[in-house]
2 protein chains.
Amino acid sequence: MATGDSKTTASSAPPGRPDSSSTDSSAAQESRHDAGAALWTKLTEYMDRRGLRLTGQRRAILTTIINAPEHSTLDELLETVRKTDKHIGYATVYRTMKMLTEAGVVEERKFGDGYTRYEISDESHHHDHLICQRCGHITEFEEPLIEELQDRVAQRHGFKVTSHRHELYGMCRKCCESTAE
Amino acid sequence: MATGDSKTTASSAPPGRPDSSSTDSSAAQESRHDAGAALWTKLTEYMDRRGLRLTGQRRAILTTIINAPEHSTLDELLETVRKTDKHIGYATVYRTMKMLTEAGVVEERKFGDGYTRYEISDESHHHDHLICQRCGHITEFEEPLIEELQDRVAQRHGFKVTSHRHELYGMCRKCCESTAE
DNA sequence: GTGATTGCAAAACTTTTGCATACGA
DNA sequence: TCGTATGCAAAAGTTTTGCAATCAC
């Protein structure tokens, strides 16, 4: 029930795949968050402020997220973190992710396949997503002009934006090529 | 369980509210789909092709959707359609919405509050959404330049787009004003 | 008449929560 | 020690499905 049969999964982004030659920045996926230190600082500050405790499980979970592929589901994270800490429970991962989200360390994403996915929060690099509906691969993209236009739209409506999501669904390059044959 | 306590609901768009004076087209919300006839044609063609049957319930449900506010949830649609047909079941509405989606008559939308919402499919007017997290009001917007940029992004990635979602979350004009006081 | 459709209730699934136990500071 | 955190299992809450009875064509 918990661990098992997720349908589509973000593959673990092999370095140097064809995609990475494209114009846009998807650098974040290659280097696995060397900003780790900053995240720990952010987290401990958040926890100190509230009298929360840094347990072994929480340490293991944050470490896992930092090293795991972006857009992992709870099940995937649980499976991974259990390689470190055999007896960690689903609820613990769940609650920790909630806390990390609250702390601003990670962000929840819902791509409509029924699962909540998580990614490290990087406020300096807002990005959006291309989601392949065939292989499940998720690519990130940044397009400042879109963000600008989007802000203008909001302004026209007197709307104050606090967050947004922009997702393109379809078929990634690899799948297009393998289908074309 | 079924009908009851949805948290945020698209209010039924009173005509001539302040919003409608804004620049962007949100005309679709005012006039309740006079394209109804075209929808019926589309649906019956779809059904004929597959030997599906036009039952009283299905008629009632499509009529309901055409007249209901956009972005209604299943619960809301069920409640409304029951005013016409007292004994209609949740599953019937559910399955009919699935069929209508498949037929291209309606589109499913998920705005992250846990409910699936439905809107009439209007291929000539792609639009995206501004979602107020305070009052739940949903406004539509169109911005061709964004669509264009978005296509360009996809092209750069060799990605073939079949659908997209672009949603801005925050506070609508009304709520901004009532909060500012 | 025959196969599609309906409605009810139960199942499936992910997400949340209650509670007794264990543990960090 | 004291209150937070954990883990298990059960609860929630929405979406799906099984099945016998009905109904459209």
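Side-chain contact between A:Arg165 and B:Arg165 is present, with heavy atoms from C-beta onward closer than 4.5 Å. For the pair A:Asp128/A:His164, a side-chain contact is recorded, criterion being any heavy-atom separation below 4.5 Å from C-beta on.
Atom CE in B:Met47 sits roughly 10 Å away from atom C1' in C:dA4 (whole-Å rounding). Rounding to whole angstrom units, CG of residue A:Asp48 and C1' of C:dA25 are separated by 11 Å. If you measure from atom NE2 of A:His87 to atom P of C:dT21, you get 19 Å, rounded to the nearest angstrom. At whole-Å resolution of the value, OH in B:Tyr115 and C1' in D:dA12 are 11 Å apart. Atom-to-atom, CZ of A:Arg49 to C1' of D:dT4 comes out at 18 Å; the value is rounded to the nearest Å. In this structure, CG of B:Leu77 is placed 15 Å from P of D:dT14, rounded to the nearest angstrom. Rounded to whole Å, atom C1' of D:dA5 lies 18 Å from atom OH of A:Tyr90. In this entry the distance linking CD of A:Glu108 with P of C:dT14 reads 16 Å, nearest Å.
In this structure, of C:dG24, D:dC25, D:dG7, it is C:dG24 that holds the atom nearest to the side chain of A:Thr55. Comparing C:dG7, D:dG7, D:dT17 by their closest approach to the side chain of B:Tyr94 singles out D:dT17. Of the candidate nucleotides C:dT15, D:dT4, C:dA4, C:dT15 has the atom nearest to the side chain of A:Leu74. Ranking C:dT6, D:dA9, C:dG7 by closeness to the B:Ala91 side chain, first place goes to C:dG7. The side chain of A:Arg95 sits closest to C:dT17 out of C:dA25, C:dT17, C:dT2. Comparing C:dT5, C:dT15, C:dT6 by their closest approach to the side chain of B:Leu52 singles out C:dT5.
In this structure, A:Thr92 reaches the D:dG7 phosphate: one of its side-chain N or O atoms is under 4.0 Å from OP1 or OP2. Side-chain nitrogen and oxygen atoms of B:Thr116 include at least one within less than 4.0 Å of the OP1 or OP2 phosphate oxygen of D:dT15. OP1 and OP2 of D:dC23 both lie 4.0 Å or more from every side-chain N or O belonging to B:Gln57.
Salt bridge annotation for B:Lys98-B:Glu102: absent, with no cationic side-chain nitrogen under 4.0 angstrom from a carboxylate oxygen.
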Problem - Step-by-step salt bridge (Lys or Arg N to Asp or Glu O under 4.0 Å) determination, A:Glu70 to A:Arg117 - result: CA-CA 8 Å; A:Glu70 298 263 45; A:Arg117 292 166 186 278; over 6 Å; no

Residues B:Glu107, B:Arg109; criterion salt bridge (Lys or Arg N to Asp or Glu O under 4.0 Å); working and verdict = CA-CA 6 Å; B:Glu107 288 175 40; B:Arg109 299 278 188 179; 3.7 Å; yes

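Interface remark: the A:Arg58 side chain does not form any donor-acceptor pair with the C:dG24 base, using a distance-only criterion of under 3.5 Å.
Each of B:Gly56 and A:Lys98 lies near DNA chain C, and the nucleotide nearest B:Gly56 is the one positioned closer to the 5' end.
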